[in-house]
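Here is the structure we will look at.
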Amino acid sequence: MTRDTIAEIITSIRNADMNRKRIVRVASTNISETIAKILLREGFIENVRKHQESNQSF
């Protein structure tokens, strides 16, 4: 079974917005970073920050 990374990122952002959360944490991959940059540039999100935690980036 494959994972739909793009759908997971969009769903995480949408769920956070519906619950009025200001922070969404997704695993850092090339595709997630590219999507975040596009959403930031288009004004759909306010800020992007990369965070390292226990050998994993978010």
Margin query: Looking at every non-hydrogen atom in both residues, tell me the closest pair between Ser32 and Ala27 and how far apart they are.
Written below: OG-O, 2.9 Å

Next item on the list: With sequence neighbours excluded, tell me which residues meet salt bridge (charged side-chain N to carboxylate O under 4.0 Å, His left out) with Glu42.
Entry: none

Margin query: Show every salt bridge (Lys or Arg N to Asp or Glu O under 4.0 Å) that has at least one partner inside residues 10-21, sequence neighbours left out.
Written below: none

Item checked: By salt bridge (charged side-chain N to carboxylate O under 4.0 Å, His left out) - contacts of Arg22 (at least two apart) -> Glu46

Checklist line | With Ser12 via side-chain hydrogen bond (donor to acceptor under 3.5 Å, both in side chains) - residues at least two apart | finding: none

Check: Atom NE2 of His51 and atom CZ of Phe58: how far apart are they, to the nearest 0.5 Å?
Finding: 7.5 Å

Checklist line | Asn19, CG: over 12 other non-hydrogen atoms inside 6.0 angstrom | finding: yes

Item checked: Residue list, side-chain hydrogen bond (donor to acceptor under 3.5 Å, both in side chains) with Ser57, at least two apart or on another chain -> Gln52

Item checked: Any residue meeting side-chain hydrogen bond (donor to acceptor under 3.5 Å, both in side chains) with Ser28, in chain and number order, not counting sequence neighbours -> Glu33

Checklist line | Leu40: hydrophobic cluster co-members (side-chain, 4.5 Å) | finding: Ile6, Ile9, Ile10, Ile13, Val24, Val26, Ile31, Ile35, Leu39, Phe44, Ile45, Val48

Notebook entry, point to check: When Ile, Leu, Val, Met, Phe, Trp and Tyr are grouped by side-chain heavy atoms lying under 4.5 Å apart, directly or through other members, which residues fall in the same group as Ile38?
Noted result: none

